[in-house]
Amino acid sequence: MRIVSLAGGIGGARFLRGLKSAAPDAKITVIGNTGDDITLFGLRVSPDLDTVMYTLGGGIDEEQGWGRAKESHVVKEELAAYGMQPQWFGLGDRDFATHIVRTQMLGAGFPLSQVTEALCTRWQPGVRLIPMSDDRTETHVVVSDSQGRRAIHFQEWWVRLRASLPAEEIVLVGADDARPAPGVVEAIQEADVVILPPSNPVVSIGTILQVKGIREALTAKTVVGVSPIIGGAPVRGMADACLTAIGVETSAQAVLEHYGADLIDGWLVAEEDAGVALDGVRVVARPLLMSDPEATAAIARAALDLAGELT
Ligand code: GDP
Ligand code: CA
């Protein structure tokens, strides 16, 4: 079986681990979000690609959900001693090596998709991980404060401000010119099923869907989504702040309507959201808390079962 999954960071990566164990023989292609990417200290950082790669490759900090296990922060401390900014983004020593390799390869002319493949040679994530695009895009957030109305990088809003200033707009800069990376559309076309994990519907899945050609390719397939919203709240994190910014209520129903029946064929909701319904979509209620690997694998199995009923 050939499965395509879109993915953001933590929510996507955890779900993918469950998907791998639910479908050990499947060929899984993951289309990763690069809207979170940022240049720091001259280094290109791809947080969501790395979270997927480290999580599936066994290098993740399990507690935190991102970054490397057994990490130290000597380089960060030394940079801070020079007064280098920003100091609000967590970069560990082990993680720095990944960004050095990425930046060096990009500088030598390799596209991000080939760089990601090279990094995955070490981590062997057991899936094919492709960035949504080789073209540079960045999610920016429009906020207003004492300095007036301005756009800041998504990471500054999310990590430094903890989404404390309301987002007036969330814009994927570069979206108009971004083409899907090589292999993305082909993988979708060849897929037996497409799964949307419970990643952030705005700044993870929503970003990937903005790359021209991806949504169009997906609408032709059987797509099953897993709701990231349970009982009116994001399970972890601040996805509600992103949904509010685009005028979507924080509920499993509203996220489904936002994705639309043209995209979604099956929608997994938590048991407390069993009333969710939309014409043209089969909705199934299951426990959706990724509390441990077994529970997560059960969610993935439910998604695959639902896809099986629909095809
Ligand atoms: P990020 O890029 O690291 O923010 O990660 P993602 O975009 O991949 O996933 C973040 C989303 O995962 C959050 O907005 C939550 O709504 C969702 N999420 C986290 N844990 C769970 C869980 O246990 N169950 C479900 N259904 N969703 C979850
Ligand atoms: Ca992310």
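Counting begins at 1 with the first residue of the sequence. Every number for a ligand or one of its atoms is a count from 1 in the order of the listing.
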Asks: Suppose I only count heavy atoms of Pro234 and a 4.0 Å limit; which atoms of ligand 1 are within that range?
Replies: 16 (O)
Asks: Would you confirm whether any non-hydrogen atom of the protein falls under 4.0 Å from atom 4 (O) of ligand 1?
Replies: no
Asks: Could you say whether the N/O atoms of Ile10 and ligand 1 ever approach to under 3.5 Å?
Replies: yes
Asks: Using a 4.0 Å cut-off to any heavy atom of Gly12, which atoms of ligand 1 qualify?
Replies: 8 (O)
Asks: Would you say Val269 and Gln253 make side-chain contact, with heavy atoms under 4.5 Å?
Replies: no
Asks: Measure the acute angle between the ring planes of Trp267 and Tyr259, then classify it against the limits of 30° and 60° as parallel, tilted or perpendicular.
Replies: perpendicular
Asks: Please state which protein non-hydrogen atom is closest to atom 16 (O) of ligand 1 and give its distance, to 0.1 Å?
Replies: Pro228 O, 2.7 Å
Asks: Got the closest protein heavy atom to atom 11 (C) of ligand 1, with its distance?
Replies: Pro198 O, 3.3 Å
Asks: Any donor-acceptor pair under 3.5 Å linking the side-chain atoms of Asp262 with those of Thr219?
Replies: no
Asks: Do any heavy atoms of Leu289 fall under 4.0 Å from ligand 1?
Replies: yes
Asks: Just need the protein heavy atom nearest to atom 13 (C) of ligand 1, so name the residue and atom and give the distance.
Replies: Arg236 O, 3.4 Å
Asks: Say whether Met290, considering both its backbone and side-chain N or O atoms, lies within less than 3.5 Å of an N or O atom on ligand 1.
Replies: yes
Asks: Quick check: do Val45 and Phe89 have side-chain heavy atoms less than 4.5 Å from each other?
Replies: yes
Asks: Could you point out which residue of Ile31, Leu16, Val52 forms a side-chain contact (heavy atoms from CB on, under 4.5 Å) with Ser5?
Replies: Leu16
Asks: Can you confirm, on distance only, whether ligand 1 has an N/O atom lying under 3.5 Å from any N/O atom belonging to Val226?
Replies: no
Asks: Could you identify the single nearest non-hydrogen protein atom to atom 26 (N) of ligand 1 and state the distance to 0.1 Å?
Replies: Ser227 O, 2.9 Å
Asks: Locate the shortest heavy-atom distance separating Thr34 from Ser133; write the atom from each residue and the value.
Replies: OG1-O, 4.3 Å
Asks: Should Arg102 and Ser46 count as side-chain neighbours, where that means a heavy-atom distance under 4.5 Å?
Replies: yes
Asks: Any idea which of Leu288, Asn200, Asn33 brings a heavy atom closest to atom 10 (C) of ligand 1?
Replies: Asn200
Asks: Among Gly9, Ser291, Ala252, Ser199, which one puts a heavy atom closest to atom 2 (O) of ligand 1?
Replies: Gly9
Asks: Salt bridge or not for Arg68 and Asp95, using N-O below 4.0 Å?
Replies: no
Asks: State, to 0.1 Å, how close Gly11 and Ser199 come at their nearest heavy-atom pair, and which atoms those are.
Replies: C-OG, 4.2 Å
Asks: Look only at the side chain of Lys212 and the backbone of Ala178, and say whether a donor-acceptor pair between them is shorter than 3.5 Å.
Replies: no
Asks: Which part of Ser204 is near ligand 1, with near meaning a heavy atom under 4.0 Å away: side chain, backbone, both or neither?
Replies: side chain
Asks: List the closest protein heavy-atom neighbour of atom 14 (O) of ligand 1: residue, atom name, distance to the nearest 0.1 Å.
Replies: Ala239 CB, 3.2 Å
Asks: Given the Ca ion (ligand 2) as the apex, I'd like the angle to OD2 of Asp48 and OD2 of Asp36, rounded to 10 degrees.
Replies: 90°
Asks: Heavy-atom distance under 4.5 Å between the side chains of Val235 and Leu289, does that happen here?
Replies: yes
Asks: Is it the side chain, the backbone, both or neither of Pro197 that has a heavy atom closer than 4.0 Å to ligand 1?
Replies: neither
Asks: Using a 4.0 Å heavy-atom cut-off, say whether Asp48 meets ligand 1 through its side chain, its backbone, both or neither.
Replies: side chain
Asks: Heavy-atom distance under 4.5 Å between the side chains of Ile130 and Glu186, does that happen here?
Replies: no
Asks: Just jot down the ligand 1 atoms closer than 4.0 angstrom to any heavy atom of Gly8, in number order.
Replies: 2 (O), 8 (O)
